[in-house]
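First up is the structure itself, then whatever we jot down about it.
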2 protein chains.
Amino acid sequence: MNVIDYKDSRPIYEQIASYYKRLILLGALEADEKLPSVRTLAIELSANPNTVQKALDVLGREGFIYTVIGRGNFVMNTDSLKKAREQEIVGRIAELLNEAREIGSDPETVIADAKKRLEVSEPELTVREDAV
Amino acid sequence: MNVIDYKDSRPIYEQIASYYKRLILLGALEADEKLPSVRTLAIELSANPNTVQKALDVLGREGFIYTVIGRGNFVMNTDSLKKAREQEIVGRIAELLNEAREIGSDPETVIADAKKRLEVSEPELTVREDAV
DNA sequence: ATAAGTGTACTATGTCTCATAGTACACTTA
DNA sequence: TAAGTGTACTATGAGACATAGTACACTTAT
């Protein structure tokens, strides 16, 4: 699978963890769904079982999965995870807006420019700015 | 000086580079101003001259400073640097908004929440939302 | 011309993280 | 009982990072 990117400077275990964090937050994996075993994942991802285990450690510590000894790893309920991630995003955007203001850029302008770059996915819900 | 933080996971040379990037973008250092020498900086920052040199390499490659052999390192003009950084910020915010939408959060709500966290620095220019 | 200060380029050493390989053990399930 | 599961070790190698030390070409002040 195309999960590991050797041009990416991040460690492999972190890339694997990020990949599953994204899948879980997107709802691509259902709650209580069983993940492939450590050894199976190692083969699928072309990585070492120890590296996969390290990625699963991260996912477990951060509340994305839970473990049942002898049975496997399972996807955690996503409600609280989504809320937590949303708060991270809000905080990060606030930091960036503060920096923009520090270097003399207007936060409102920055926000407007960022909106222009948003991928349009629901055109029927989009209001064209110049139509107001 | 309190530039290097050993609790910070980033390498020292990157911390030093980030510190000067920030100073330059904020306008705390004027264009064509001379930086302290590599050896002087090493003492001031309590770091190794080689590590300082590596940080200056980064600053030079990214256009924050320029070098005159035998004389020293000097601060680059900040106009284009600020514009480039603003574009980075815009792109990063767009990425975060896309992710928020992917996990079911409304981008407009996220933006509103981020604005609430902005530090108030110019109250005379701030319009209270509930007063509209 | 000389000395001091400048950036720069090396070698060498030690520490740490990361990734891999291999082995072993306790648990659950078929 | 056998197979599959997570988990915990040891060991090895590669690479990034930081430090120490030395050296050289350049510019500037004396």
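In this structure, L59(B) places its CG atom 14 Å from C1' of dG7(C), rounding to the nearest Å. The distance between atom CG of L41(B) and atom P of dT6(C), rounded to the nearest whole Å, is 10 Å. One can place OH of Y66(B) at 16 Å from P of dT6(C), the figure rounded to the nearest angstrom. If you measure from atom CG of D5(B) to atom P of dC17(D), you get 17 Å, rounded to the nearest angstrom. Rounded to an integer number of Å, the gap from I43(A) CD1 to dG4(D) C1' is 13 Å. In this structure, L56(B) places its CG atom 14 Å from P of dA18(D), rounding to the nearest Å. When rounded to the nearest whole Å, the span between CD1 of I16(B) and C1' of dT19(D) equals 13 Å. In this entry the distance linking CG of D8(B) with P of dT17(C) reads 15 Å, nearest Å.
Distances shown here put every side-chain N or O of N73(A) at or beyond 4.0 Å from the OP1 or OP2 atom of dT5(D). Between S37(A) and dG4(D) there is no side-chain polar atom (N or O) within less than 4.0 angstrom of OP1 or OP2.
Fit an axis to the five pairs at each end of the helix from dA1(C)-dT30(D) to dA30(C)-dT1(D) and the two axes sit 20° apart, to the nearest 10 degrees.
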For each nucleotide in nucleotides 19-30 of chain C, reading 5' to 3', give B when a protein heavy atom comes within less than 4.0 Å of its base, S when such contact involves only the sugar-phosphate, and - otherwise.
SBBB-B--BSS-

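Sorted by first and then second residue, the pairs that involve residues 70-104 of chain B and meet ring pair (Phe, Tyr, Trp, His ring centres under 6.0 Å), not counting sequence neighbours, are Y66(B)-F74(B). For the salt bridge (charged side-chain N to carboxylate O under 4.0 Å, His left out) condition, the pairs that include at least one residue of residues 22-33 of chain A, sequence neighbours left out, are R22(A)-E102(B). Residue pairs that meet the salt bridge (charged side-chain N to carboxylate O under 4.0 Å, His left out) test with at least one member in residues 3-19 of chain B, sequence neighbours left out, are D5(B)-K7(B), D8(B)-R10(B).
When side chains are defined from C-beta on, R85(A) counts as touching E99(B), because their heavy atoms get closer than 4.5 Å.
Listed for the T78(B) side chain is no donor-acceptor partner under 3.5 Å among the backbone atoms of L81(B).
With sequence neighbours left out, the side-chain hydrogen bond (donor to acceptor under 3.5 Å, both in side chains) criterion links S105(B) to E86(A). For Q15(A), the side-chain hydrogen bond (donor to acceptor under 3.5 Å, both in side chains) criterion is met by no residue, not counting sequence neighbours. In this structure, R61(B) has no side-chain hydrogen bond (donor to acceptor under 3.5 Å, both in side chains) partners at least two apart in sequence or on a different chain.
Applying the 4.5 Å side-chain rule to ILVMFWY residues, one finds Y13(B) in the same cluster as V58(B).
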